[in-house]
Undergrad: 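Pasting a structure here, questions to come.
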2 protein chains.
Amino acid sequence: MKKYDYIADQLYQRIINNEFNETQKIPTEDQLINEYNVSRNTIRSAIKILTKMGLLYPVQGSGLFIKPPQKPDTVYLSSTQGVTADHDGKTIVNQLIDFKLLEADEALAKRMLCQIGTPIYYIIRLRIVDSIPYAVEYTYYNKEIVPYMGHEIVEGSIFDYLKNDLKLSFGFADKYISAAKLNVYDSQLLQLKEGDPSIVIEDNVHLSNGVLFNSSKIIYNYQLANFYMVAQ
Amino acid sequence: MKKYDYIADQLYQRIINNEFNETQKIPTEDQLINEYNVSRNTIRSAIKILTKMGLLYPVQGSGLFIKPPQKPDTVYLSSTQGVTADHDGKTIVNQLIDFKLLEADEALAKRMLCQIGTPIYYIIRLRIVDSIPYAVEYTYYNKEIVPYMGHEIVEGSIFDYLKNDLKLSFGFADKYISAAKLNVYDSQLLQLKEGDPSIVIEDNVHLSNGVLFNSSKIIYNYQLANFYMVAQ
DNA sequence: AAGTGGTCTAGACCACGTC
DNA sequence: ACGTGGTCTAGACCACTTC
C-alpha cells in the first residue's frame with residue numbers, strides 16, 4: 001500500500017475517533033513527519049486526500065483545521081465509486097429490471113468509444129435504499145473489458161466486482177449533472193409522479209489507462225438524493 | 001505568479017490552440033522540464049491543474065493524453081468561482097430583485113457561522129443569460145468581511161469585485177446539489193411553471209484562512225443548467 | 001522572532017507500456 | 001530494454017499567522 005494512502009487512512013480514523021476533539025486541528029506537518037517517519041511530500045499527499053474529501057483545510061501559517069461534519073445523508077460526488085459506499089448502515093437492494101448483451105450500433109459505438117459490433121452489456125437496475133426507491137440506473141459496460149456479468153453480480157455491487165475480482169484500476173470519471181422531469185416509466189419505478197423532478201447524472205468512467213469501459217445515466221429520486229462536493 | 005500556474009496557463013493555451021493536434025498528447029514530463037527549465041514537481045503541479053479541469057489525463061508508462069472536448073454549454077463545478085466565467089461570449093444580465101442589510105438572528109448566525117447581530121448583506125438576483133432567465137440566487141455576505149456592497153456591484157460580477165478590488169483570497173467552497181420543485185415565486189422569475197424541476201446548489205464559500213464569508217442558494221432553470229465535473 | 005503551510009529544487013527508485 | 005508517469009526522499013526558501 002502507498003504510504004500516503006496509509007497515512008490518510010490513519011488520520012481519517014483518528015479524526016472520526018475524535019482524537020483531536022480539543023483543538024479541532026491535526027498535528028503540524030513537522031509533527032506528522034516525525035510520527036510517521038516519512039518525508040514532507042508524503043505527508044502533504046496524505047493531507048491533500050483528506051482536504052479533497054472535505055475533512056479538513058490547511059491555513060498557511062496556522063495549521064491543519066478539521067471541518068465540522070457535513071450535512072448527513074449526502075453522497076460524495078468526487079469519486080469514481082458508485083453510491084454504495086456512502087450508505088453505510090443502510091439496506092441496499094439492487095432490483096434488476098433488464099439485462100442484455102448488445103452489439104454496438106453506430107450510436108452506441110460513439111457513446112462507448114468503441115468499434116461498431118463490440119459486445120456491450122446493458123443493465124437497468126432500480127436501486128432501493130431502506131425500502132425506498134432511490135434511483136434508476138441505465139448502464140452500459142464494454143464486454144471486452146468486463147468479460148463476464150451475471151445476475152448475482154448485477155444484483156450486488158458491480159463496482160466491488162470490478163475492483164476486487166477483475167482488479168480493474170479506475171482512472172477518472174466525467175460527470176454531467178442536470179435536472180429533468182420524470183417520464184412515466186421512471187416515475188413508476190421511483191414511486192413518484194410523471195413530471196416530478198429528478199436529478200440526472202451521466203457518468204463516463206475510464207480505466208487508469210484512459211479506456212472508457214462504463215457509461216451510465218442515473219435518475220435519482222429528488223426527495224432523497226443530495227450530493228456533496230468540495231471545490232478548491 | 002506561481003510557476004506551476006504560469007505553466008498550466010501556457011499549456012492550456014497550447015492545447016486549445018491545437019498545437020498538439022497530431023498526437024493528442026502533450027510533451028512528456030522530461031520534455032516539459034527542459035522546455036520550462038523547472039523541476040519535475042513544478043511540472044507535475046501544473047499537470048495536476050489541467051487534469052482536474054478535465055483537459056487531459058496521465059497514463060503511467062505512456063504519456064499525457066488530451067481529452068476530447070466535453071459537452072458544450074456546461075458549467076464546471078469544481079471551482080469556487082460563480083457562473084460568469086463559464087459563459088464566455090454570452091450576454092449576462094444580473095437583475096437585482098432585493099438587496100438589504102440585515103442583522104444576523106439566531107438562525108442566520110448559525111448559517112453564517114458568526115455572532116448574533118453581525119451585519120449581513122442579503123441579495124436576491126435573477127441571472128439572465130442571452131435573455132433567458134437562468135437562475136435565481138439567494139445570497140448572504142458577512143459585512144465584516146465584505147464591508148461594502150453597492151447596486152452597481154451587485155448588478156455586475158460580485159466575484160470579480162471580491163477578488164480584484166477587495167483582494168479576498170478564496171479557499172474552498174462546500175457545495176450541496178439537489179433537485180426540487182419550483183415554488184410559485186421562483187417559477188415566475190424563471191418563466192417556468194410552479195412544480196417544474198430545478199437544480200438547487202447550496203454553496204458555502206470560505207476564505208483561504210477558513211472563514212465563511214458567503215452562503216448562497218441558487219435555483220437553476222432545469223432546461224438550461226448542465227454541470228460538469230471530473231472525479232478521480 | 002518563531003512556527004506553520006506553500007513553492008521549488010535535485011535526485012532516486014518503482015510500476016507500467018511500448019517496442 | 002527503454003521510455004514514461006508514480007512514489008518517495010532531503011533540503012531550501014518564501015508567505016502568512018501568532019506571539
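The basis for the numbers below is simple: all heavy atoms, side chains too, and nothing from hydrogens, waters or symmetry mates.
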Undergrad: Below 6.0 angstrom between ring centroids: does that apply to Phe170(B) and Phe159(B)?
TA: yes
Undergrad: Starting at the 5' end of DNA chain D, which residue's closest nucleotide do you reach first, Pro58(B) or Asn209(B)?
TA: Pro58(B)
Undergrad: Would Asp73(A) and Lys90(A) pass as an ion pair if we require N to O under 4.0 Å?
TA: yes
Undergrad: Tyr36(A) has an atom OH; how far is it from atom C1' of dT9(D), in whole Å?
TA: 19 Å
Undergrad: Hey, does the side chain of Ser62(A) come within less than 4.0 Å of dT17(D)'s phosphate (OP1/OP2), counting only N and O?
TA: no
Undergrad: Measure CD/Gln232(B) against P/dG6(D) and give the value in whole Å, please.
TA: 11 Å
Undergrad: Which nucleotide wins on minimum distance to the side chain of Val38(A), given the candidates dG6(D), dG6(C), dT9(D)?
TA: dT9(D)
Undergrad: So, do Tyr141(A) and Tyr122(A) have ring centers that fall under 6.0 Å from each other?
TA: no
Undergrad: Between Val59(A) and Gln31(B), which is nearer to the 5' end of DNA chain D once each is assigned its nearest nucleotide?
TA: Gln31(B)
Undergrad: It should be established whether Lys3(B) places a side-chain nitrogen or oxygen under 4.0 Å from OP1 or OP2 of nucleotide dT9(C).
TA: yes
Undergrad: Check the distance between dC8(D)'s P and Met1(A)'s CE and give it to me in whole angstrom.
TA: 11 Å
Undergrad: Would you mind reading off the distance between Tyr6(A) atom OH and dC8(D) atom C1', rounded to a whole angstrom?
TA: 17 Å
Undergrad: Using only heavy-atom distances, decide whether a donor-acceptor pair under 3.5 angstrom links the side-chain of Arg40(A) to the base of dT7(C).
TA: yes
Undergrad: Across the strands shown, which category fits Leu64(B) at heavy-atom distances under 4.0 angstrom: base, sugar-phosphate, nothing?
TA: sugar-phosphate
Undergrad: Measure from CG on Asp5(A) to C1' on dT7(D) and round the result to the nearest Å.
TA: 11 Å
Undergrad: Could you check which of dC8(D), dG6(D), dG6(C) has an atom nearest any side-chain atom of Gln60(B)?
TA: dG6(D)
Undergrad: Look at Arg44(A) and dG5(C) and indicate whether a side-chain polar atom (N or O) is within less than 4.0 Å of OP1 or OP2.
TA: no
Undergrad: Taking only side-chain N and O atoms of Lys2(B), does any of them lie within less than 4.0 angstrom of OP1 or OP2 on dC14(D)?
TA: no
Undergrad: Would you name the heavy atoms of Leu50(A) and Leu11(A) that are closest together and state the gap between them?
TA: CD1-CB, 3.6 Å
Undergrad: Could you state the atom-to-atom distance from CD1 of Ile43(A) to C1' of dT4(C) in whole Å?
TA: 14 Å
Undergrad: Would you kindly give the CZ-to-P distance between Phe65(B) and dC16(C), to the nearest whole Å?
TA: 16 Å
Undergrad: Tell me whether the guanidinium CZ or amine NZ of Lys71(A) lies under 6.0 angstrom from the six-membered ring centre of Tyr176(B) and within 45° of its axis.
TA: yes
Undergrad: Please figure out whether Asn41(B) or Gly61(A) has its closest DNA chain C nucleotide nearer the 5' end.
TA: Gly61(A)
Undergrad: If I take atom CD in residue Glu29(A) and atom C1' in nucleotide dA10(D), what distance separates them, rounded to the nearest angstrom?
TA: 15 Å
Undergrad: Quick one: which of dT4(D), dC8(C), dT4(C) gets closest to the side chain of Thr28(B)?
TA: dT4(D)
Undergrad: Any chance you could lay out the side-chain hydrogen bond (donor to acceptor under 3.5 Å, both in side chains) test for Ser169(A) and Ser208(A), step after step, and finish with the verdict?
TA: CA-CA 6 Å; Ser169(A) 158; Ser208(A) 52; 2.7 Å; yes
Undergrad: Looking at Thr42(B), does any N or O in its side chain come under 4.0 Å of the phosphate oxygens OP1/OP2 on dT9(C)?
TA: yes
